[in-house]
Amino acid sequence: MAEHRYEPREIEQRWQNVWAQEHTWEVANEGTDQDRAELTGHAALEQNSYVLEMLPYPSGEPHIGHLKTYSVGDAIAHFHRRLGRRVLHPMGYDSFGLPAENHAIKTGVHPRVSIAESIDSFRRQFHSWGISIDWSREFATSEPSYYRWTQWIFLELFRAGLAYRKEAAVKWCPNDQTVLANEQVDAEGRCERCGCLVEVRQLEQWFLRITDYAERLLNDLDGIDWPQHVKTMQRNWIGRSEGAEVIFRSEEVGIDYPVFTTRPDTLFGATFFVMAPEHPDVLRLARGTPQEQAVHDYVNHALTETNEERGNAERPKTGVPLGRTVVNPVNGEQLPMFVADYVLMEYGTGAIMAVPAHDERDHAFAKAYGLPIRQVIAPRPATDGEPAQLPADAEELPYTGDGVIVNSHPDFDGMDNRRALGEIVAWLDREGKGHASVNYRLRDWLVSRQRYWGCPIPIVYCERCGVAPVPEEELPVRLPDIEDYTPKGRSPLAAAEEWVNTTCPTCGGPARRETDTMDTFVDSSWYFLRYCDPHDEQAAWDPAALREWMPVDQYIGGVEHAILHLMYARFFTKALADLGHLDFQEPFQALFTQGMVTKDGSKMSKSKGNVVSPAAIVERVGADTARCYILFVGPPDQDADWSDEGVEGVHRFLGRLWRLAAETADRAGGPAAGLTQPTASDGADLALLRKTHWAIDKVSGDLRRFAFNTAIAAVMELLNEASRLRDSASLQAMRFALGTAASLLFPFAPHVSADAYDRLTGERVWEQPWPEAEEALLERDVYELVCQVNGKVRDRVQASVDASPEALKELCRAAPNVRAHVDGRELVKEVVVPGKLVNLVVR
RNA sequence: GCCCCUGUAGCUCAAGUGGAUAGAGCGCCGUGCCUUCUAAGCCGGGGGUUGCUGGUUCGAGUCCAGCCGGGGGCACCA
């Protein structure tokens with residue numbers, strides 16, 4: 001018998017060639033393709049499935065995280081195909097963005113060039129991993145044929161009033177020399193890209209009106225199959241608060257100041273009023289009062305502070321009086337006004353009513369400035385029927401919990417505060433002094449970037465006509481080549497004079513182009529739509545193509561995009577649906593977020609020198625081992641630590657599987673047509689057959705719930721069983737077990753599985769339907785019944801699966817060792833779990 | 001501070017709605033087999049008070065409560 005050596009390099013190359021030459025993983029659009037007639041025969045039976053991994057940012061080479069993402073996605077894609085579905089599994093590149101531009105600044109190489117190199121490297125490696133991609137749909141978002149439609153979408157949003165320009169205090173990264181979206185600034189006020197402290201600047205910028213969609217973005221989370229924690233993160237980010245808007249009037253200046261509060265039940269406890277330093281009226285209010293200079297100084301100081309300094313809740317509260325008052329609408333009291341930096345301009349109305357007895361921040365401020373503190377909520381009575389507790393001691397304030405209204409107004413005193421809340425709002429509404437209101441933390445999406453390598457914003461500015469959209473037939477507005485990429489606080493595009501100077505589409509007069517580019521998250525907010533119809537030159541997509549594939553059935557990616565990309569893509573989908581371009585509301589029906597791959601417990605990074613390169617691993621042990629290992633190392637939704645020993649273990653497993661299959665095929669005299677199940681009634685064949693069906697059942701279930709690690713472990717168990725029984729089981733039983741093992745492993749290790757299956761059967765495993773477990777073989781007709789006495793195992797006996805509970809009790813009572821423990825004692829209870837055990841409880 | 005996840009063998013993970021003697025892989029051990037030797041391969045073996053304390057139950061890794069440890073999200077959001 002010939003020696004068999006597992007040679008992944010040879011095997012993987014061979015099967016990759018087959019797939020490439022035969023375009024195995026390409027799918028046509030039925031609605032638009034001439035293949036349609038051919039396909040209709042199956043169409044009724046087949047279901048379409050869109051499996052998508054988040055598109056990679058092509059920078060350098062793929063890293064181990066990419067290997068994990070695409071190993072997960074490919075397993076799903078293969079599984080769906082083998083279940084008989086037509087699967088769309090495309091690939092593209094998110095190729096605009098800062099890394100390529102920063103590289104250009106350093107080296108002078110045009111981003112287009114470095115991106116192309118990187119894309120080549122990604123494409124080569126994806127091929128070498130054997131990922132089943134429909135390469136006919138590939139594109140990069142920096143190609144004019146793509147960004148032309150990004151610009152078209154921008155103009156659609158502009159026409160609908162969802163893209164607008166406004167001056168606002170925005171986040172500015174001094175290192176990258178550009179503004180950022182709120183989502184791109186972390187909790188410490190640092191740029192998520194470069195980590196430097198973000199500054200605040202007052203600039204006129206383009207925004208997308210995502211806040212219009214806050215409520216729907218929140219509510220529609222209920223209808224999608226996403227991980228709970230991602231939904232929670234989006235809910236937190238949207239930050240919906242219910243409360244009321246209440247109007248406080250300043251009689252002195254004759255202006256109404258609305259405030260947002262979640263606690264209108266505490267209105268009677270308001271003792272002062274605070275405005276944010278950025279509030280446009282602050283300086284005006286102080287003008288002419290003795291406070292004018294102090295307010296001026298305070299505001300100037302506040303505006304120069306960083307987000308980090310401002311955001312620190314621990315530091316002492318500061319502020320200065322404005323020298324003015326407002327009227328509390330519920331009781332007519334005059335409340336002194338202050339400016340203080342603990343009030344944020346971006347949230348609510350930029351002004352608050354302060355209730356020091358029931359809000360920690362207001363309490364701290366009142367303590368610091370000696371302001372009155374009036375308690376209006378008392379903690380609940382200790383028991384029903386007793387009167388409310390006396391107001392808590394001053395030391396116990398602020399009290400932020402629920403309770404009973406006190407000290408407010410005869411209409412409300414003694415009332416449950418939650419009930420009073422509703423009644424007070426209703427009263428305000430009747431009086432025209434306020435109304436119920438909902439506030440969101442979410443702000444509009446700032447999409448302007450003062451950088452070169454991005455999608456140009458298709459807008460021109462005309463001295464006569466103002467802001468004018470570039471006409472659709474002039475799209476794309478192409479990104480011009482420039483000499484100097486260095487950012488200088490304005491877009492490098494501004495230096496391309498010839499490009500900037502243009503004519504107004506409306507009046508034909510001189511005009512200037514918008515020189516900012518779009519945030520790259522705009523590019524990735526619709527790419528999944530383009531895959532459905534990637535070569536369309538007449539439109540961003542053909543609606544028929546979208547009907548065929550969208551929404552994405554299974555989306556896969558890192559949890560780091562839980563808010564950014566995943567929220568923006570949902571917003572785009574809803575906005576485009578409202579504009580009549582889509583007929584669905586959510587882009588990603590199901591989401592799977594995979595965990596990070598770490599080395600020695602910490603994130604891989606070049607500076608730590610602990611980077612594991614997928615290319616090197618694949619070179620050494622093959623793609624199948626690399627892919628299998630990364631799925632086997634742990635539950636794929638959790639972080640996993642890379643271990644080279646673990647890789648070796650998986651490599652040996654694949655080798656054992658392949659060798660045993662090759663050897664079995666040899667013994668059987670070469671490949672036989674197909675995989676036939678042996679008939680076995682007892683002995684090794686039956687044991688192996690049962691294990692095989694157990695594995696089918698286990699792997700199928702595990703694949704449905706993304707438990708790839710346990711699915712692979714099940715195939716390992718099957719192989720171990722086959723290996724143990726290699727000399728006692730029949731050749732046919734061995735062929736069936738090993739062929740099934742290869743078939744089950746195919747989604748994770750496609751090359752070695754295809755090869756082993758081919759040797760055993762002469763057939764292509766990916767063309768075979770997914771195996772089905774036979775119920776009859778999963779269960780036995782007799783089993784070992786566990787006999788317990790007082791919950792302890794005392795004996796076990798053979799029982800028939802269809803024995804009645806009565807018969808099982810009888811069997812148990814008759815078991816010798818059970819009798820020894822039961823005789824002479826009183827039988828109190830009998831617990832029967834058919835198929836498992838009988839438990840006799842005695843005293 | 002608030003919310004969520006998590007704790008099982010040396011390591012990474014399993015144990016559908018509570019049910020048996022808690023299982024895999026890696027690592028470890030073997031004066032076990034095969035090899036001239038090593039490696040590879042094969043075979044065998046040890047290893048667990050399921051973080052702790054109580055509770056519910058005939059029965060708890062699984063359910064409940066409280067502590068302890070690890071991770072994540074949000075946070076001056078009115």
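Note that the structure is predicted; figures quoted are calculated from it, not measured. Letters A, B, ... are given to chains in the order of the sequence lines, protein chains preceding strands, and every chain is numbered from 1.
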Decide yes or no on salt bridge (charged side-chain N to carboxylate O under 4.0 Å, His left out) for A:Arg726 and A:Glu721, but give the supporting numbers first. CA-CA 8 Å; A:Arg726 68 207 296 176; A:Glu721 184 78 354; over 6 Å; no
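Taking the six-membered ring where the residue is Trp, A:His358 and A:Tyr399 present perpendicular rings, their angle passing 60° and hence far from 30°. Between A:His279 and A:Tyr257, the angle of the ring planes goes over 60°, which puts this pair in the perpendicular group of the 30/60° scheme.
Residues A:Tyr629 and A:His651 place their aromatic rings such that the two centres sit no closer than 6.0 Å. In summary, the aromatic rings of A:Phe632 and A:Phe653 are positioned with their centroids too far apart to meet the 6.0 Å limit. Remark: aromatic rings of A:Phe338 and A:Phe365 are close, center separation under 6.0 Å.
Look at NE2 on A:His651: it is 16 Å from C1' on B:rG25, rounded to the nearest Å. For the pair A:Trp237 CH2 and B:rC77 P, the computed distance is 15 Å after rounding to whole Å. Between the CG atom of A:Asn839 and the P atom of B:rG18 there is a distance of 16 Å, given to the nearest Å. Computed from coordinates, the A:Met353 CE to B:rC77 C1' distance equals 15 Å when rounded to whole Å. One can place CE of A:Met596 at 20 Å from P of B:rC5, the figure rounded to the nearest angstrom. Rounded to whole Å, atom P of B:rG7 lies 8 Å from atom CD of A:Gln638. Atom CD in A:Glu346 sits roughly 13 Å away from atom C1' in B:rA78 (whole-Å rounding). The distance between atom CD of A:Glu7 and atom C1' of B:rA40, rounded to the nearest whole Å, is 13 Å.
Under the Watson-Crick or G-U wobble criterion, with both distances below 3.5 Å, B:rC63 is paired with B:rG55. For B:rC26, the paired nucleotide is B:rG10, the pair qualifying as Watson-Crick or G-U wobble because both relevant distances are below 3.5 Å. As the counterpart of B:rG1, B:rC74 is assigned, both hydrogen-bonding distances of the Watson-Crick or G-U wobble pattern falling under 3.5 Å.
One C1' atom belongs to B:rC43, the other to B:rC34, and the distance between them is 11 Å to the nearest Å. Taking atom C1' on both nucleotides, B:rA15 is separated from B:rU62 by 9 Å, rounded to a whole Å. Remark: the separation of the P atoms in B:rU8 and B:rC29 is 24 Å, to the nearest Å. Straight-line distance between the C1' atoms of B:rC74 and B:rC67: roughly 25 Å, to the nearest whole Å. Here the separation of B:rC2 from B:rC64, taken at their C1' atoms, is 23 Å to the nearest Å. Comparing B:rG7 with B:rA75, their C1' atoms are spaced 27 Å from each other, to the whole Å. Across the C1' atoms, B:rU12 and B:rC28 are found 15 Å apart, a figure rounded to whole Å. Spacing of P atoms, B:rC52 relative to B:rA9, comes out at 11 Å, to the nearest Å.
One distance of note links OH of A:Tyr342 with CD of A:Glu360; it measures 12.0 Å at 0.5 Å rounding.
Residue A:Arg656 places at least one side-chain N or O closer than 4.0 Å to OP1 or OP2 of B:rC42. Distances shown here put every side-chain N or O of A:Asn236 at or beyond 4.0 Å from the OP1 or OP2 atom of B:rC4. The phosphate of B:rG27 has OP1 or OP2 within less than 4.0 Å of a side-chain N or O from A:Arg652. For B:rA78, the OP1/OP2 oxygens have a side-chain nitrogen or oxygen of A:Ser241 closer than 4.0 Å.
Residue-level contact check: A:Asp362 touches neither bases nor backbone, having no heavy atom under 4.0 Å from any strand. Counting non-hydrogen atoms under 4.0 angstrom, A:Phe632 reaches the backbone sugars and phosphates but no base. Among the heavy atoms of the strands, none lies under 4.0 Å from A:Asn439.
For A:Val841, whose side chain is taken as the heavy atoms from C-beta onward, the closest listed nucleotide among B:rC58, B:rA24, B:rC76 is B:rC58. The nucleotide whose nearest atom lies closest to any side-chain atom of A:Asp341 is, among B:rA14, B:rA78, B:rC76, B:rC76. Closest approach to the A:Asn720 side chain among B:rC43, B:rA78, B:rA24 is made by B:rA24 (side chain taken as heavy atoms from C-beta onward). Counting only heavy atoms from C-beta on, A:Pro635 has its side chain closest to B:rC13 among B:rG41, B:rC58, B:rC13. Here the side chain of A:Lys698 is nearest to one of B:rG41, B:rG19, B:rA14, namely B:rA14. Across B:rA78, B:rG23, B:rC13, the shortest atom-to-atom separation from the side chain of A:Glu717 is found for B:rG23. Of the candidates B:rG19, B:rC76, B:rA14, B:rA14 carries the atom nearest the A:Asn709 side chain, counting heavy atoms from C-beta on. Comparing B:rC76, B:rC77, B:rG41 by their nearest atom to the side chain of A:Arg659 picks out B:rG41. Comparing B:rA15, B:rG19, B:rA78 against the side chain of A:Val343 picks out B:rA78 as the nearest. Residue A:Met716 places its side chain closer to B:rG25 than to any other of B:rC43, B:rG25, B:rG19.
Nearest-nucleotide positions on RNA chain B for A:Asp697 and A:Ala640 put A:Ala640 closer to the 5' end.
Within 6.0 Å of CZ on A:Arg9 lie no more than 12 heavy atoms contributed by other residues, nucleotides or ligands.
Side-chain N/O atoms of A:Arg443 and base N/O atoms of B:rC77 include a donor-acceptor pair closer than 3.5 Å.
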